[in-house]
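Some notes on the structure that comes next.
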2 protein chains.
Amino acid sequence: MDDRDAQLREGAERLALTLTESGMQRTTARVMTALLFSQQETMTAADLCEELKISSGAVSGAVKQLIPTGMIERVPAPGSRRDHYRFRDHAWATLMGNQNTLLDSMWNAAAEGIKAAGKESVAGRRLDEMQDFYGFMQREMAALIDKWREGYDAGMR
Amino acid sequence: MDDRDAQLREGAERLALTLTESGMQRTTARVMTALLFSQQETMTAADLCEELKISSGAVSGAVKQLIPTGMIERVPAPGSRRDHYRFRDHAWATLMGNQNTLLDSMWNAAAEGIKAAGKESVAGRRLDEMQDFYGFMQREMAALIDKWREGYDAGMR
DNA sequence: CCGAATGTTTACAGATCTCTGAAAGTTCGA
DNA sequence: TCGAACTTTCAGAGATCTGTAAACATTCGG
């Protein structure tokens with residue numbers, strides 16, 4: 001049983017590492033995966049400090065980054081003065097949805113480049129392909145995420 | 001005209017910054033966007049050193065990262081001993097395609113977690129949703145990229 | 001083969017990022 | 001309004017990352 005717990009903790013750390021490698025901050029990723037893999041419904045800041053062996057300041061910083069992205073939420077805990085945190089339902093879909101803003105800036109970067117270079121130029125042609133691609137992705141990704149949401153909610157019933 | 005060039009260079013730097021913020025290394029991003037926004041078909045390492053004011057070692061390192069991802073390629077330059085680099089066609093589609101390996105590791109992380117936690121547990125239910133989501137995305141993303149490729153190639157004709 | 005022209009690797013210095021620890025701030029029950 | 005229980009902020013130490021310079025490797029014309 002303790003063995004199971006160790007495996008979970010290890011899995012959490014491994015995923016955190018992957019996320020770190022693709023750009024997320026180390027501590028932020030660790031806090032997120034700790035909440036994801038926890039067998040408790042919610043965890044307090046103190047729980048996170050102990051589990052991850054980090055200071056309360058570090059937890060506070062990570063939480064501050066995570067909440068606005070919609071990955072975790074603060075839940076009121078009746079009878080406790082401590083903040084409780086929970087990994088949100090559909091967090092992954094939210095996360096991927098946020099990527100849309102990135103898609104957006106890519107499209108914009110291409111558009112601005114075309115304005116400066118002209119469509120009929122060496123750079124213009126490259127940027128045109130880029131714009132086409134990101135325009136397409138932007139439209140389709142939003143639809144795709146909705147499709148998953150619907151399918152998942154339907155399966156729940 | 002020189003003004004146009006300045007705007008292009010600025011656009012390149014701005015995009016590099018965005019990319020850096022979402023996890024790409026600074027110099028790698030700068031080399032990539034320099035090639036993307038360049039009005040030349042290809043650039044040599046020396047061109048990149050001058051344009052970006054960085055050492056040849058830095059260029060070498062960036063190129064080493066970029067080539068395996070499929071974003072740029074080395075092109076043989078008849079009559080020149082120098083290596084020439086070019087931003088690849090469909091590079092963006094390739095880049096997004098590579099994300100599939102990330103989707104894959106997310107799915108795997110979820111699967112391993114479920115194995116350790118059991119499906120019918122607090123963590124198990126969270127991981128089950130995660131696995132469902134990434135399984136879905138993996139299947140659909142590949143299809144989406146193909147769809148864009150087809151559409152774009154058709155438009156070319 | 002030699003040696004000039006390039007490309008690659010690497011030790012190290014500087015820049016940057018990230019945590020900690022402690023002080024300051026907030027909240028809430030009494 | 002006080003003070004205990006927490007959380008947030010922040011300066012600074014330490015760890016990490018990054019780019020340079022120079023040594024080393026490679027390539028190719030002659």
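Every value quoted in this text rests on a predicted model; they were computed, and no experiment measured them. Below, chain A is the first sequence line, B the second, and so on; all start at residue 1.
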In whole Å, I'd like the distance from the [atom1] atom of [X] to the [atom2] atom of [N].
{"X": "Asp47(A)", "N": "dC6(D)", "atom1": "CG", "atom2": "P", "answer": "12 Å"}
{"X": "Asp83(A)", "N": "dC28(C)", "atom1": "CG", "atom2": "P", "answer": "10 Å"}
{"X": "Met43(A)", "N": "dT7(D)", "atom1": "CE", "atom2": "P", "answer": "13 Å"}

Taking only heavy atoms on the protein side, list every residue of residues 61-77 of chain B lying under 4.0 Å from any atom of DNA chain D, sorted numerically.
none

Measure from the side chain of Ala45(B), starting at C-beta and using heavy atoms only, and say which of dG7(C), dT8(D), dA5(C) lies closest.
dG7(C)

Could you please name the option among dT7(D), dG7(C), dC28(D) that lies closest to any side-chain atom of Arg82(A)?
dT7(D)

I need the [X] [atom1] to [Y] [atom2] distance, nearest 0.5 Å.
{"X": "Asp132(B)", "Y": "Met137(B)", "atom1": "CG", "atom2": "CE", "answer": "10.5 Å"}
{"X": "Gln138(B)", "Y": "Asn100(B)", "atom1": "CD", "atom2": "CG", "answer": "6.5 Å"}
{"X": "Ser38(A)", "Y": "Arg86(A)", "atom1": "OG", "atom2": "CZ", "answer": "12.0 Å"}

May I ask you to test the Arg4(A)-Leu8(A) pair for a side-chain heavy-atom distance under 4.5 Å?
no

Under a 4.5 Å cut-off applied to non-hydrogen side-chain atoms, are His90(B) and Tyr152(B) in contact?
yes

Looking at Glu10(B) and Arg14(B), does any basic side-chain N land under 4.0 Å from a carboxylate oxygen?
yes

Mind listing the N/O atom pairs, protein and nucleotides 19-22 of chain D, below 3.5 Å?
| from | atom 1 | to | atom 2 | distance (Å) |
| --- | --- | --- | --- | --- |
| dG19(D) | OP1 | Thr27(B) | OG1 | 2.2 |
| dG19(D) | OP2 | Thr27(B) | OG1 | 2.8 |
| dT20(D) | OP2 | Ser55(B) | N | 2.8 |
| dT20(D) | OP2 | Ser55(B) | OG | 2.9 |

Distance flag, aromatic centroids of Trp148(B) and Tyr134(A), threshold under 6.0 Å:
no

Per-pair distances, 0.1 Å, donor-acceptor, side chain in residues 61-72 of chain A, under 3.5 Å, sequence neighbours excluded:
| from | atom 1 | to | atom 2 | distance (Å) |
| --- | --- | --- | --- | --- |
| Gln65(A) | OE1 | Thr28(A) | OG1 | 2.7 |
| Thr69(A) | OG1 | Leu66(A) | O | 2.6 |
| Thr69(A) | OG1 | Met71(A) | N | 3.3 |

On DNA chain D, more 5' by nearest nucleotide between Val59(A) and Arg81(A) is Arg81(A)

